[in-house]
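Counting starts at 1 for both ligands and their atoms, in listed order. Here, residue 1 is the first one in the sequence, and each next residue gets the next number.
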Amino acid sequence: MSTKLSSVWKWLSLIYNFIALYFNNCCIHGFRYLVKGMLMLLERFLWLILLSISIYFCVVSCLSSVNRFQTKSTHIGIERNSYKWNVSLPSITVCPMQRLNDSRFAAYCLEHNVFGKDRTELRDFLEQLANSTYTNFENIPEYESIDHTLKNLNIEPENYMELIYNLTWDATHSEESGRVRCTDGSYEIRVTQVLTEFGLCYVCNTFLGLEYSASYVLFGEYPQLNGVLNESTMLPIKHGAFFEKDTGFTLIGFTNKAIDTYLHSPHDVMRLDSNFGYTEEGSAYELEIEHITTEPNLEKTTSVSQRKCRFFHESNLEHYPFYTKNSCSQECRLNLAYKVCKCIPHFYPNSRVKNPKPVCSYKILKSCFPKHAGLFLKFYEANGHHGKIDECICEQNCRDSVIRLTKASVMRGSQMLLRSLGSSALVKFWPKNQFKRQVIFSFTDFLVSLGGTAGLYLGFSVLGLIELFYFFSMRLFWHIFGYQI
Ligand SMILES: *[C@@H]1O[C@H](CO)[C@@H](O)[C@H](O)[C@H]1NC(C)=O
Ligand SMILES: *[C@@H]1O[C@H](CO)[C@@H](O)[C@H](O)[C@H]1NC(C)=O
Ligand SMILES: *[C@@H]1O[C@H](CO)[C@@H](O)[C@H](O)[C@H]1NC(C)=O
Ligand SMILES: *[C@@H]1O[C@H](CO)[C@@H](O)[C@H](O)[C@H]1NC(C)=O
């Protein structure tokens, strides 16, 4: 027993000696006083307290640097050299208020033997279904024949959107006269048929690219180009600069009775609750625009949590192959609908996601959704004195624009003049300020801050850290074999 104890003692004293050796040599200044034999115990104790305090504050300061680096390393600055900017114009989304294509519907009915009253009622039903959104689900008609017809056609709620898509004609493909097109007078700007929360609509002047097109979100295929048009002469997006006078474009070619227009940032999708108007005439909107841009290397040098914003391709969404703030809130709305009504409306991309959610039948759309329309649209349900808020945490778009409508006017007679409806956006005053996301606390700053803190409190440095490893690896190894340096 006693030999065992003495051998333990021997080991402990060896370890103590080695640590004392390190303390005597190491770069952290106070340590050597802890092991200096000649000092009084009280003095050593005092040094221990001082060292502990230093280490404590060092750790606290370092943690605050780490926190700053991880969550507050960017800021938004303001730029005012407005002559140089290339300002992208706002985006327009137009939803035609007449959805189905008559000849396609006729062909479909012929092929599937739907005639007479069934056919009329199916037509009305599908038209309303294609035109439905959170504000008007109650308008979906309920005919006796519908259940039966849908059953015969083998249409489940999962197929609603595909059927509507099949029966809708992509009007950007029409021949010259009835073609939906977007033009600034001399150039054409690309128009894409997209799937929104208000069914199939057309968007012009957007940065979102073809991943946002209806055929891509529904079937994973990029939309086919109109054979007549040469894509290479088409502008993807319209820019303006300070010295240009009034710049704008018109999205035109709707041969429907009425259209619904949404104006929004070219970096985002439309928002259902910012409707600029249901019109039976063409309309013109004058807008002001303010941009949020980023430093060129922001994306590479920072993570999402550091910059608190996402780029288009950094999607963390389940139903959309891209990220924008509004598509994130759409997904939020969809999840809310799923929570409340146990199924989601048909106008969301659903078939190509990992876990498709059940799609609501038209009966549930009529019975469950109108009751909660306020909650779904505004994420807020008034309930007596208390409201019910559902939080939706959506990061900002890194690049974005803020649109302000300054004037809206109706183009009377445009229907007669141009034989089609449209909306135009016009920018008369260029922005004088723009915002820029910048890194103010980079990785180098972070290292310097850590090093500075360690140096300030402990006199510690990178070489000191290497020395620590050296002491407790190579030097320990030699020490065990009896070499004393
Ligand atoms: C603005 O952007 C357009 C389109 O990308 C480009 O052709 C043009 O050269 C740019 N102008 C300036 C001043 O950067
Ligand atoms: C309906 O679709 C056909 C092609 O299927 C197309 O030629 C026609 O122009 C469309 N009609 C309308 C009014 O868009
Ligand atoms: C489509 O819905 C909108 C908004 O609820 C409504 O104003 C419009 O009349 C509907 N269209 C048709 C053809 O019923
Ligand atoms: C839609 O059209 C495609 C291709 O023509 C077809 O395969 C599909 O079955 C159609 N979907 C419905 C629901 O009719």
For atom 1 (C) of ligand 3, what is the nearest protein heavy atom, given as residue, atom name and distance?
Asn131 ND2, 1.4 Å
Using distance alone, with no hydrogens and no angle criterion, decide if Asn397 and Thr324 have a side-chain donor and acceptor under 3.5 Å apart.
no
With only distance considered, is Glu162 within less than 3.5 Å of ligand 4 through an N or O on each side?
yes
Which protein heavy atom lies closest to atom 5 (O) of ligand 2, and at what distance to 0.1 Å?
Arg104 NE, 3.1 Å
Can you classify the ring geometry of Tyr222 versus Tyr216 as parallel (below 30°), tilted (30 to 60°) or perpendicular (above 60°)?
parallel
Determine, using ring centers only, whether Phe198 and Phe347 are less than 6.0 Å apart.
no
Classify the ring geometry of His112 against Tyr108: parallel below 30°, tilted from 30° to 60°, perpendicular beyond 60°.
tilted
Is it the case that the side chain of Arg179 and the backbone of Ala171 share a donor-acceptor pair, with hydrogens and angles ignored and the cut-off at 3.5 Å?
no
Write out the residue and atom name of the closest protein heavy atom to atom 14 (O) of ligand 3, then the distance separating them to 0.1 Å.
Gln128 NE2, 3.3 Å
Contact atoms of ligand 2, heavy-atom distance to Asn101 under 4.0 Å:
1 (C), 2 (O), 3 (C), 8 (C), 10 (C), 11 (N), 12 (C), 14 (O)
Within-cut-off N or O pair, Asn166 and ligand 4, under 3.5 Å:
yes
Measure up the Phe125 and Tyr160 rings against each other and bin them: parallel (under 30°), tilted (30 to 60°), perpendicular (over 60°).
perpendicular
Using a distance threshold of 4.0 Å (strictly less than), state whether atom 3 (C) of ligand 4 has a protein heavy-atom neighbour.
yes
Tell me which protein heavy atom sits closest to atom 9 (O) of ligand 2, plus the residue, atom name and distance to 0.1 Å.
Trp169 NE1, 3.9 Å
Could any protein non-hydrogen atom be found less than 4.0 Å from atom 7 (O) of ligand 4?
no
Leu200 vs Leu195, test: side chain to side chain contact (heavy atoms under 4.5 Å, CB included). Steps then yes/no.
CA-CA 5 Å; Leu200 293 166; Leu195 181 63; 4.0 Å; yes
For a quick check under 3.5 Å, do Ser449 and Ser65 share a side-chain donor-acceptor pair by atom type?
yes
What I want to know is whether Asn136 and ligand 3 share at least one N or O pair that is separated by under 3.5 angstrom.
yes
Contact between Gln98 and ligand 3, counting heavy atoms under 4.0 Å?
no
With atoms numbered from 1 as shown, which atoms in ligand 2 lie under 4.0 angstrom from a non-hydrogen atom of Ser103?
1 (C), 2 (O), 3 (C)
Could you check whether the rings of Tyr83 and Phe243 sit parallel, tilted or perpendicular, using 30° and 60° as the cut-offs?
parallel
Atom 11 (N) of ligand 4 protein-contacted (non-hydrogen atom, under 4.0 angstrom):
yes
Protein contact to atom 13 (C) of ligand 3 [nearest heavy atom, distance to 0.1 Å]:
Met97 O, 3.2 Å
